[in-house]
Amino acid sequence: KVLEYNVRFGDPETQVVLPRLASDLAELLVSAADGRVGAEPTFVDAAAVTVVLASEGYPQSPRTGDVIEGLAEAGAVEGVTVFAAGVARDEGGRLVTAGGRVLAVTGLGDDLADARSRAYAAADLVRWPGLTRREDIARAASAG
């Protein structure tokens, strides 16, 4: 059952789907913009889990300006894509938090348990003061 589905690229609901897309996204978008019904999109046969890393105080008043560490290491985890959302560069060129939902870490795997394991393994590598995240994403679904 789907209660709500967002399709903006900055939404975690989209960020969990895009890494599974095998089709050329640009080609699909151009076809849609031209009013043509193109080929059906194709997806890799994998499960995906996304964990949002948020700033302290999110959603009411997120803390900003904290230096983000471990991003390269997280992005190097096999089967993981890290999406940046609330991120900026400080005067020294370092990546810092700039909003509530800072990063979305998406893991792809053979099943939900594998995808969840990859997403959380990568998320464990990211650090900044006040980082917050849920620990229960896909826990129940991947247990059975």
Side-chain angles (χ1 to χ4, degrees), residues 1-34 37-90 93-144:
K1 296 178 181 175
V2 177
L3 298 177
E4 172 187 6
Y5 192 81
N6 295 324
V7 294
R8 297 173 297 184
F9 289 122
D11 287 329
E13 295 89 347
T14 302
Q15 294 164 343
V16 75
V17 173
L18 284 178
R20 293 189 60 240
L21 184 64
S23 302
D24 183 331
L25 178 61
E27 185 177 302
L28 293 170
L29 293 174
V30 167
S31 292
D34 288 343
V37 176
E40 287 285 321
T42 57
F43 295 89
V44 297
D45 186 24
V49 171
T50 296
V51 177
V52 173
L53 307 183
S55 290
E56 182 178 335
Y58 173 77
Q60 289 81 14
S61 57
R63 187 168 117 176
T64 61
D66 292 314
V67 175
I68 302 168
E69 298 177 333
L71 195 52
E73 294 86 349
V77 173
E78 184 178 345
V80 167
T81 302
V82 179
F83 294 94
V87 175
R89 290 204 183 269
D90 67 7
R94 300 174 301 178
L95 290 177
V96 296
T97 61
R101 290 189 295 191
V102 177
L103 302 172
V105 181
T106 301
L108 287 181
D110 293 332
D111 55 31
L112 280 175
D114 185 28
R116 182 180 192 275
S117 175
R118 290 173 193 253
Y120 276 103
D124 286 345
L125 298 171
V126 179
R127 302 168 306 286
W128 70 78
L131 182 152
T132 184
R133 70 180 195 201
R134 288 181 48 180
E135 298 295 330
D136 64 336
I137 303 300
R139 181 187 295 149
S142 65

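Counting begins at 1 with the first residue of the sequence. Because the structure is predicted, anything quoted here is derived from the model rather than measured.
Minimum heavy-atom separation, A47 to A115: O-CB, 3.5 Å. Nearest heavy atom pair, residue G107 against residue V80, reads CA-CG2, 4.2 Å. In terms of heavy-atom proximity, V105 sits nearest to A123 at CG1-N, 4.1 Å. Shortest non-hydrogen contact noted between V17 and F43 is CG1-CE2, 3.8 Å.
Although no hydrogens or angles enter the test, the distance criterion places no donor-acceptor pair under 3.5 Å between the side chain of Y120 and the main chain of V51. Of the possible polar contacts, none joining the S117 side chain to the A113 backbone as a donor-acceptor pair under 3.5 Å is found. Side-chain atoms of R139 come within 3.5 Å of backbone atoms of E135 as a donor-acceptor pair (strictly under, hydrogens ignored). Using modelled atom types, no side-chain atom of R63 and backbone atom of S61 make a donor-acceptor pair closer than 3.5 Å. Of the possible polar contacts, one joining the T106 side chain to the Q15 backbone as a donor-acceptor pair under 3.5 Å is found. T97 places a side-chain N or O within 3.5 Å of a backbone atom of D66 that can act as its donor or acceptor partner.
Note that OG1 of T132 and CG of L53 are 9.0 Å apart. Values are rounded to the nearest 0.5 Å. For the atom pair F83 CZ and L18 CG, the distance stands at 5.5 Å (nearest 0.5 Å).
Under the side-chain hydrogen bond (donor to acceptor under 3.5 Å, both in side chains) criterion, D24 pairs with no residue at all, not counting sequence neighbours. In this structure R134 satisfies the side-chain hydrogen bond (donor to acceptor under 3.5 Å, both in side chains) test together with D136, sequence neighbours excluded. By the side-chain hydrogen bond (donor to acceptor under 3.5 Å, both in side chains) test, R118 pairs with D114, sequence neighbours left out.
Between W128 and V67, every side-chain heavy-atom pair lies at or beyond the 4.5 Å cut-off. The shortest distance between side-chain heavy atoms of L125 and V77 falls below 4.5 Å. Between L95 and R89 there is a side-chain heavy-atom pair separated by less than 4.5 Å. Side-chain contact between L112 and V49 is present, with at least one heavy-atom pair separated by less than 4.5 Å. Between V102 and V126 the shortest side-chain heavy-atom distance does not fall below 4.5 Å.
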Item to check | Audit row: I68, V87, side-chain contact (heavy atoms from CB on, under 4.5 Å) steps and yes/no | outcome: CA-CA 9 Å; I68 302 168; V87 175; 4.0 Å; yes

Next on the checklist: Pair D11, R101 - check salt bridge (Lys or Arg N to Asp or Glu O under 4.0 Å), show working.
Outcome noted: CA-CA 9 Å; D11 287 329; R101 290 189 295 191; 3.7 Å; yes

Checklist entry - Where do V96 and T64 land on the side-chain contact (heavy atoms from CB on, under 4.5 Å) test, with the steps shown first? => result CA-CA 7 Å; V96 296; T64 61; over 6 Å; no

Item to check | Criterion salt bridge (Lys or Arg N to Asp or Glu O under 4.0 Å) on R133 and D124, from CA distance to verdict | outcome: CA-CA 10 Å; R133 70 180 195 201; D124 286 345; 2.7 Å; yes

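Between R116 and D111 there is no salt bridge, since no side-chain nitrogen of the basic residue lies less than 4.0 Å from a carboxylate oxygen of the acidic one.
Under the 3.5 Å distance criterion, with hydrogens and angles disregarded, a donor-acceptor pair is assigned to the side chains of T42 and S23.
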